[in-house]
Amino acid sequence: MLAREIWSLVRKEVLIELRMQYALSGMLLYLISSMFLGYITFELGMVPMSKPTWNVLFWVIMLFVATNSITKSFIQESKDRQLYYYTIASPQSIILSKIIFNSLLMMLLMITGFVVYIVLLGNPVDDPGLFLINLLFGAVGFAASFTMISGIASKASNSSTLMAILGFPIIIPMLLLLIKVSGYALDGLGFSAAFDELATLMAIIIISITASIILFPYLWRSN
């Protein structure tokens with residue numbers, strides 16, 4: 001029953017996103033524009049780009065893309081639609097479906113961004129397998145963290161500011177770990193060097209999802 005509810009809600013999210021093509025187009029435009037600014041600054045400006053700079057710039061762009069794309073998870077939902085969800089699905093199904101959909105969306109944006117990024121700024125990655133695994137961890141981690149924060153922020157009047165305040169203590173450690181693992185991928189050090197960081201990222205993701213499943217029903221009842 002829970003799996004069926006989750007599948008139906010994820011399918012609903014996908015259909016809404018496909019119908020609102022301007023939303024996805026806007027996110028892709030923001031992503032490509034940010035990377036093009038980096039291209040103008042470094043490539044056309046003849047400024048040397050080191051591997052650490054390439055790495056940090058990529059993840060900073062991904063962070064802002066995640067913030068803009070996942071913020072709307074609950075904030076865009078009307079009170080009437082939330083009341084309808086309340087009558088047809090459990091809160092666990094709702095939060096898990098949001099996390100799954102946002103993870104898929106972030107993975108799409110990250111892979112697209114990575115392709116555009118290497119076309120514009122070159123590809124210094126020596127271990128693409130580790131880098132892609134790190135992208136997966138980043139997509140799920142950002143989705144798990146920001147989705148619940150979006151639900152909390154939707155209850156406040158100044159939701160964007162609240163999201164930034166609530167997200168900072170969670171996202172910054174995760175961002176530092178993602179940058180570190182990507183650094184290993186750029187240097188070609190392999191999975192053995194990044195094992196501890198990947199295990200920590202996995203733990204953060206599991207804790208975020210578990211906390212969302214436990215806490216979201218209490219937030220949902222306040223509707």
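Owing to the predicted nature of the structure, the values given are computational and were not obtained by experimental measurement.
In this structure, CG on Leu132 lies 12.0 Å from CE on Met110, to the nearest 0.5 angstrom. Rounding to the nearest 0.5 Å gives a distance of 11.5 Å between CD1 of Ile205 and OG1 of Thr210. The structure places CZ of Phe142 at 11.5 Å from OG of Ser103, a figure rounded to the nearest 0.5 Å. Rounded to the nearest 0.5 Å, atoms CD1 (Ile206) and CG (Leu201) are 11.0 Å apart. One finds the CD1 atom of Ile95 at 11.0 Å from the OG atom of Ser90 (value rounded to the nearest 0.5 Å). Considering CD of Gln92 and CD1 of Ile213, their distance stands at 7.5 Å, rounded to 0.5 Å.
Qualifying side-chain hydrogen bond (donor to acceptor under 3.5 Å, both in side chains) partners for Ser33, counting only residues two or more places apart in sequence or in other chains: none. Residues satisfying the side-chain hydrogen bond (donor to acceptor under 3.5 Å, both in side chains) test with Thr112, not counting sequence neighbours, are none. Shown here are the salt bridge (Lys or Arg N to Asp or Glu O under 4.0 Å) partners of Asp196, two or more places apart in sequence or in another chain: there are none. Residues that satisfy the side-chain hydrogen bond (donor to acceptor under 3.5 Å, both in side chains) test with Asn123, not counting sequence neighbours, are absent from this structure. With sequence neighbours left out, the side-chain hydrogen bond (donor to acceptor under 3.5 Å, both in side chains) criterion links Ser182 to Trp59, Asn134.
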Report all side-chain donor-acceptor pairs from residues 173-181 shorter than 3.5 Å, counting only partners two or more places apart or in another chain.
residue : atom : partner : partner atom : Å
Lys180  : NZ   : Glu197  : OE2          : 3.3

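Leu31 and Leu29 fall into different hydrophobic clusters, where Ile, Leu, Val, Met, Phe, Trp and Tyr are joined by side-chain heavy atoms under 4.5 Å apart, directly or via other members. Linking Ile, Leu, Val, Met, Phe, Trp and Tyr whenever their side-chain heavy atoms come within less than 4.5 Å leaves Trp7 and Val14 in two separate clusters. Ile40 and Ile61 fall within a single hydrophobic cluster, where Ile, Leu, Val, Met, Phe, Trp and Tyr side chains are chained together by heavy-atom contacts under 4.5 Å. Linking ILVMFWY side-chain heavy atoms closer than 4.5 Å, directly or via other members, places Leu108 and Phe114 in two distinct hydrophobic clusters. Hydrophobic clustering, with ILVMFWY side chains joined whenever heavy atoms are under 4.5 angstrom apart, keeps Leu37 apart from Val115.
The shortest distance between side-chain heavy atoms of Val65 and Tyr30 falls below 4.5 Å. When side chains are defined from C-beta on, Leu198 counts as touching Leu130, because their heavy atoms get closer than 4.5 Å. Within the 4.5 Å cutoff, the side chain of Tyr184 has no heavy atoms near those of the Phe191 side chain. Here the side chains of Met27 and Leu105 are in contact, with some heavy-atom distance below 4.5 Å.
Separation of the Phe36 and Tyr39 ring centroids falls under the 6.0 Å cut-off. Remark: aromatic rings of Phe42 and Trp54 are distant, center separation not under 6.0 Å.
Here the side chain of Ser97 pairs a donor or acceptor atom with the backbone of Ile94 at under 3.5 angstrom. The backbone N or O of Leu186 lies less than 3.5 Å from a partner atom in the side chain of Lys51, making a donor-acceptor pair.
What you find for Ala144 and Ile209 is that their closest heavy atoms are CB-CG1, 3.8 Å. Looking at every heavy atom in both residues, Ala139 comes nearest to Met107 through CB-N, 3.7 Å.
Using a 30° and 60° split on the angle between ring planes, Phe131 and Phe58 fall in the tilted class, from 30° to 60°.
Tested against Ile99 for a side chain to side chain contact (heavy atoms under 4.5 Å, CB included), the candidates Ser208, Ser212, Ser145 yield a single pass: Ser212.
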Open item on the list: Does Phe146 form a side-chain contact (heavy atoms from CB on, under 4.5 Å) with Asn102? I'd like the steps, not just the answer.
Closed with: CA-CA 9 Å; Phe146 278 129; Asn102 287 329; over 6 Å; no
